[in-house]
There are 2 protein chains.
Amino acid sequence: MNKPDIRTLDPSRRASIKRKRSDAVADLIRSHIFQAGLKPDDRLPQEPELIEMFGCSRSTIREALKSLEVQGLVQNTTGPGGGARVAPVSINRIVGLLSNYFYFQSVSAAQIYQIRRLIEPELASSVVGHLTALHFEALEQAIAVQEHHPGGDADWEHHRHAEIDFHDILIDACPNPLLGLVCRFVNEAIRHLIGRSGVQEFAASFTCENVDFHKRLMSAFRSGNAARARRVMLDHVLSAEAIVVPAADRGIDQPVFREPLRLD
Amino acid sequence: MNKPDIRTLDPSRRASIKRKRSDAVADLIRSHIFQAGLKPDDRLPQEPELIEMFGCSRSTIREALKSLEVQGLVQNTTGPGGGARVAPVSINRIVGLLSNYFYFQSVSAAQIYQIRRLIEPELASSVVGHLTALHFEALEQAIAVQEHHPGGDADWEHHRHAEIDFHDILIDACPNPLLGLVCRFVNEAIRHLIGRSGVQEFAASFTCENVDFHKRLMSAFRSGNAARARRVMLDHVLSAEAIVVPAADRGIDQPVFREPLRLD
DNA sequence: TGAATCTATTTATGATGATAAAATGAATAA
DNA sequence: TTATTCATTTTATCATCATAAATAGATTCA
């Protein structure tokens, strides 16, 4: 058969290793979305049209659309007016895909806190002035969850998750999407650590301490004091690190920035 | 027909919105990989067996495998001994998926540098003692690329990419995978910024300055001085920020940490 | 009129069978 | 020995049909 093969039509592709047709089609559609500047909810051609456009079968098109769907770029719906539509790539999807990564690349508490101490204070500072009433409500509720069974042993994991939830809510209010994304990643890494940890010794006092820090953070947020929010968060993270990270793993040379300096 | 539907068998799924079979199968396989502790290169059952196991058709299984392939969890090969194999989720794949995100969520230079000034100095410090001869060679070459046409106007984008390449090489030597991942993200964001920027005014002197900083970094790396590497990198990032970020966007309250403090 | 329900249509989704292409290893020819 | 060819295994792609889901519009009931 003498059908033109997409893989050989594009010179840039031909040089590289043989790719699957479905992947080539997926990339072409992906490029088209960006180059045409399509926005979320814009419609893509329907399956029969795509089959016509790319000269390949339905299953190939479907695999390509599946690929784009997993990437979070498109969403497929049935029914009249349905088909493939452009979707906004959500931060949640990226984080979800990331979680696979941690299964093969385990990260230690020490490694997590090496970054956490740097970015969480920045997060705390940056959300000041951006927290809505809804945010405050959610934050209060996260604190309430932590306070509920302060002594219960079985609730340890529950408390730790509520602790991370508190920080995730801050991310929601963060005006810098990249900072938010990075913080989400670190939180996701912590969640994995909680899941597989045998480090459940530090229960009661740790939770109380965290709640206290969170309340002090709330106070700083309410008063609109970014500098104080930064300081309190730094203390919070360092305090947690001192408990969570085994002393042996705590790098002596790891620096802590206590006070910010200004650009000249 | 009275076939058991995977979507209704799992109580946790039944409650939520209707999912596609292929997604349900993909999740089951994914969970199996993790729960069985499968390692990269371990084989998954072949398509006919999977069809048997899940009681669904070939196309459903193939979509599920496609999904896992896009996620980077498995790799499919043809031929004897082929089939689906577990693959390590690579940092490159995650970054690739992330790049979609930036098309809908644009990030400004100011936002990038808010994070960059925090983590790049940490990166520079952490790679000290972990750079191999190969790393040094690659770093030298990246510098050479930047030096090649210091005045050429058309090379501006080329130089900027070489500048980012230099930092990516450091990431390769970073012993903290999470820090590496975060730095890759920031670099990816910068690459996007370069791609769509109309900010090409600052060309010649900027490149020279960067090369100078890179050479000073190399010196610190060679002498094994982590503290100096940190300081030089901070100066490098701040210098770049002062040029790249419009003064109006430069938040007055953004802090700069010039000297590290120690844990008590 | 207004809301709820039915029905038809559109579209993706799932199933089946056949063919093509890639990878492996064995057999063969130089 | 070395390279080549060939058969085999397994996915990749194709083609077609049947099913399920979602919407729009008509219809019915209050």
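So that the names make sense, note that chain A is the first sequence line, chain B the second, and so on, each numbered from 1.
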Within this structure, what is the [atom1]-to-[atom2] distance between [X] and [N], rounded to whole angstrom?
X	N	atom1	atom2	answer
B:Glu63	D:dT11	CD	P	17 Å
A:Leu65	C:dA12	CG	C1'	10 Å
B:Arg21	C:dA12	CZ	C1'	14 Å
B:Glu52	C:dT16	CD	C1'	16 Å
A:Leu50	D:dC14	CG	P	13 Å
A:Ile61	D:dA15	CD1	P	12 Å
A:Lys20	C:dA23	NZ	C1'	14 Å
B:Arg85	D:dT9	CZ	C1'	13 Å

- Query: With a 3.5 Å cut-off and just heavy-atom distances, do the side chain of A:Arg19 and the base of D:dA12 make a donor-acceptor pair?
  - Reply: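 Under the 3.5 Å cut-off, the side chain and the base do not form any donor-acceptor pair.
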
- B:Phe34 and A:Tyr103 aromatic ring geometry - parallel, tilted or perpendicular at 30°/60° bounds: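 Parallel.
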
- Centroid-centroid distance, B:Phe221 to B:Phe136, less than 6.0 Å: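 When the ring centroids of B:Phe221 and B:Phe136 are compared, they turn out to be at least 6.0 Å apart.
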
- Item | Within residues 69-78 of chain A: residues closer than 4.0 Å to DNA chain D (heavy atoms) |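 When residues 69-78 of chain A is checked for heavy atoms under 4.0 Å from DNA chain D, the hits, listed by number, are A:Thr78.
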
- If you look only at pairs with a residue in residues 170-184 of chain B, which of them pass as a salt bridge (charged side-chain N to carboxylate O under 4.0 Å, His left out), with sequence neighbours excluded?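 Those involving residues 170-184 of chain B are B:Asp168-B:Arg184.
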
- Query: Phosphate oxygens OP1/OP2 of C:dT13: is one of them under 4.0 Å from a side-chain N or O of B:Thr60?
  - Reply: no

- With a 4.0 Å cut-off on heavy atoms, is B:Ser59 in touch with a base, just the backbone sugar-phosphate, or nothing at all? base

- Item | Listed nucleotide nearest any side-chain atom of B:Pro80, set C:dT13, C:dA23, D:dT23 | C:dA23

- Side chain of B:Arg58 - closest among C:dG14, C:dA23, D:dT11: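 Given the options C:dG14, C:dA23, D:dT11, the side chain of B:Arg58 is closest to D:dT11.
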
- Message: Going by the rule salt bridge (Lys or Arg N to Asp or Glu O under 4.0 Å), which residues pair with B:Glu140 if we only count those two or more places apart in sequence or in a different chain?
- Response: B:Arg222

- Task: Output all residues satisfying ring-ring contact (aromatic ring centres under 6.0 Å, His included) with A:Tyr101, sequence neighbours left out; order by chain, then residue number.
- Result: none

- Query: Is the shortest side-chain N to carboxylate O distance from B:Arg160 to B:Glu163 below 4.0 Å?
  - Reply: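 Salt bridge absent between B:Arg160 and B:Glu163.
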
Going by atom type alone, with no hydrogens or angles, which donor-acceptor pairs under 3.5 Å involve a side-chain atom of residues 84-91 of chain B and a protein atom two or more places apart or on another chain?
unit_1	atom_1	unit_2	atom_2	d
B:Arg85	NH1	B:Asp41	O	2.9
B:Arg85	NH2	B:Gly81	O	3.2
B:Ser90	OG	B:Asn92	N	3.4
B:Ser90	OG	B:Arg93	N	3.1

- Message: side chain to side chain donor-acceptor pair (under 3.5 Å), that's the test. Do A:Gln71 and A:Ser67 meet it? Break it down for me.
- Response: CA-CA 6 Å; A:Gln71 293 178 50; A:Ser67 169; 3.1 Å; yes

- For DNA chain C, what residues of residues 41-48 of chain A have any heavy atom nearer than 4.0 Å? A:Gln46, A:Glu47

- Query: Does any N or O in the side chain of A:Asp165 come within less than 3.5 Å of the main-chain N or O of A:Ala142, such that one atom is a donor and the other an acceptor?
  - Reply: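 Flag not set: sc A:Asp165 to bb A:Ala142 has no pair under 3.5 Å.
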
